[in-house]
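So the structure is just underneath, and the comments pick up after that.
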Amino acid sequence: MPKNQGYRNNNNAPRKRQAQLDEQNPVVQAFRNYASELDSKHDRHERILKLSRDITIESKRIIFFLHSIDSRKQNKSKVLEEAKQRLTKLIDVNFRAIAQELRDQDVYQFRAAYSPGLQEFIEAYTYMEYLENEDKDSEHSKSISNWSDLQSVMQYEDDSNKVEPGQEVEAQTSGDQVPENATQKFYFYVDPTEYILGVSDLTGELMRRCINSLGSGDTETCMETCKALQQFYTGYISLNCQRARELWRKITTMRQSMLKTENVCYNVKVRGGEAAKCANFDQKPGDDTDEGFY
């Protein structure tokens, strides 16, 4: 069969030789260094992201475990002790590993990688503290750690360069000078913005605690939780969040949680023991509701 005259066959055409790069060229060497830096950054980002996912999963499990506290079972002290141990393990293992990855690095370049895990951890940590201080009759009752307290917990020491006692004696006998600061300290930086966002998520757990307390017949906890939510909301609406879209979204969710708890307390006051059967907690606030602020 004759070939189509209009078909152009380039299989036998001579191929152009690819120009070989001169590895000694400064421009080529510079781009090789850029590629190596980008690969190192991407690998570090993936490692931090995996650690953040582990923190998020474990923090959610701890929050779910804290919701198992029931006044009828009297298991509060046992649950809080186990939750505290699990949170301490996250600080000593996962956050320490992230802090190691971020040493001598710009933390803001990797903020998106660990931000979800950090916010979820702050939510679990502050919820544990709220439950722990709930029954204390003092000025710091129902208080949680502020940003500086949480930052002080994230301090670590590098023991890799630590001088052992036997080695120190050998160095002194041989005349070598022992370094004074052999143990290097580093820390995990807790961004204040991440702290504010994490604490705002705490209000959702307080709302669930209020409804769960109503189901168990603990109406006093409902009232106290509603007061705490109102205090949180009053503080958050005083912030200027015109350019903080994520914070404004969380404040909107906080408002819905506060109104649900207020609805619960209203039903408790009006209907008493029938509140758990008759209350409707899914009522959404109207758009024309007066907040009392602009």
Side-chain angles (χ1 to χ4, degrees), residues 52-53 55-71 76 79-80 83 86-87 90 115-134 142-147 150 190-216 218-239 241 244-268 275-276 279-286 289 291:
S52 178
R53 288 173 181 171
I55 294 173
T56 303
I57 294 172
E58 181 64 16
S59 298
K60 287 182 180 293
R61 290 174 178 172
I62 293 173
I63 293 173
F64 182 78
F65 180 65
L66 288 171
H67 280 298
S68 64
I69 296 177
D70 193 346
S71 58
K76 185 174 182 179
V79 172
L80 287 176
R86 293 167 66 175
L87 289 170
L90 285 178
S115 176
L118 178 58
Q119 292 184 23
E120 198 70 30
F121 170 80
I122 292 174
E123 179 183 357
Y125 191 84
T126 52
Y127 185 47
M128 184 271 298
E129 288 186 326
Y130 177 86
L131 295 176
E132 189 177 22
N133 300 326
E134 190 176 25
K142 300 177 182 57
S143 63
I144 59 176
S145 295
N146 54 26
W147 168 78
L150 190 60
V190 181
D191 194 343
T193 304
E194 300 294 332
Y195 174 80
I196 294 176
L197 294 174
V199 173
S200 63
D201 293 331
L202 170 64
T203 56
E205 306 307 327
L206 296 180
M207 181 268 296
R208 294 184 183 91
R209 174 166 174 75
C210 178
I211 296 177
N212 293 338
S213 300
L214 178 62
S216 61
D218 189 1
T219 58
E220 184 179 356
T221 301
C222 295
M223 300 297 178
E224 294 296 332
T225 306
C226 182
K227 292 179 182 178
L229 269 172
Q230 290 173 343
Q231 292 176 358
F232 273 113
Y233 185 67
T234 303
Y236 269 86
I237 61 176
S238 64
L239 300 176
C241 14
R245 183 180 302 175
E246 186 177 3
L247 180 58
W248 179 251
R249 178 177 58 84
K250 290 180 180 292
I251 291 177
T252 304
T253 305
M254 187 189 304
R255 174 173 174 264
Q256 296 174 357
S257 300
M258 183 192 66
L259 291 176
K260 285 182 180 180
T261 57
E262 290 178 347
N263 188 23
V264 169
C265 296
Y266 172 78
N267 282 275
V268 168
N280 182 12
F281 307 126
D282 295 330
Q283 296 179 358
K284 295 183 179 180
T289 304
E291 289 288 340

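Keep in mind the model is a prediction, meaning the values are calculated, not measured. Heavy-atom basis, side chains included; hydrogens, waters and symmetry copies ignored.
Taking both residues in full, the closest heavy atoms of T203 and F232 are given as CG2-CB, 4.0 Å, listed atom of the first, atom of the second, then distance. For the pair W147 and Y195, the tightest heavy-atom approach, listed with the atom from each and the gap, is N-CZ, 3.7 Å. In plain terms, the two heavy atoms of T225 and L206 that are nearest each other are CG2-O, 3.1 Å. Residues L214 and C222 approach most closely at N-SG, 3.5 Å, considering heavy atoms. Contact detail for A228 and Y130: the closest heavy-atom pair is CB-OH, 3.8 Å. Between M207 and S257, the closest heavy-atom pair is CG-O, 3.6 Å.
Between the side chain of Y236 and the backbone N or O of I196 there is at least one donor-acceptor pair closer than 3.5 Å. Using modelled atom types, one side-chain atom of S52 and one backbone atom of G117 make a donor-acceptor pair closer than 3.5 Å. A donor-acceptor pair under 3.5 Å is absent between the side-chain atoms of S59 and the main chain of T56, judged by distance alone. In this structure, the side chain of E205 does not engage the main chain of Y127 through any donor-acceptor pair within 3.5 Å.
Atoms NZ and CG, on K250 and L202 in that order, are 11.5 Å from each other to the nearest 0.5 Å. Put simply, CH2 on W248 and CD1 on I251 are 6.0 Å apart, with the number rounded to the nearest 0.5 Å. The distance from the CG atom of L247 to the CG atom of L239 is 6.0 Å, given to the nearest 0.5 Å. A distance of 12.5 Å separates CZ in R61 from CD in E120, rounded to the nearest 0.5 Å. Between atom CG of residue L87 and atom CD of residue E129 there is a gap of 9.0 Å, rounded to the nearest 0.5 Å. The CD atom of Q230 lies 4.5 Å from the CD atom of E262; values are rounded to the nearest 0.5 Å.
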field: From CA spacing to verdict: side chain to side chain contact (heavy atoms under 4.5 Å, CB included), I55, L118
entry: CA-CA 8 Å; I55 294 173; L118 178 58; over 6 Å; no
task: Determine, step by step, whether V190 and F121 satisfy the side chain to side chain contact (heavy atoms under 4.5 Å, CB included) criterion, reporting the C-alpha distance in whole Å, the side-chain angles of both residues, the deciding distance to 0.1 Å, and the verdict.
output: CA-CA 11 Å; V190 181; F121 170 80; over 6 Å; no
message: Between Q256 and T252, does the side-chain hydrogen bond (donor to acceptor under 3.5 Å, both in side chains) criterion hold? Intermediate values first, please.
response: CA-CA 7 Å; Q256 296 174 357; T252 304; over 6 Å; no
task: Go through the steps to decide whether L131 and L80 satisfy the test side chain to side chain contact (heavy atoms under 4.5 Å, CB included), and finish with yes or no.
output: CA-CA 8 Å; L131 295 176; L80 287 176; 3.9 Å; yes
query: Hey, mind stepping through V264 and C226 against side chain to side chain contact (heavy atoms under 4.5 Å, CB included) and telling me if it holds?
result: CA-CA 9 Å; V264 169; C226 182; over 6 Å; no
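Using a 4.5 Å cut-off on side-chain heavy atoms (C-beta onward), I62 and M128 make no contact.
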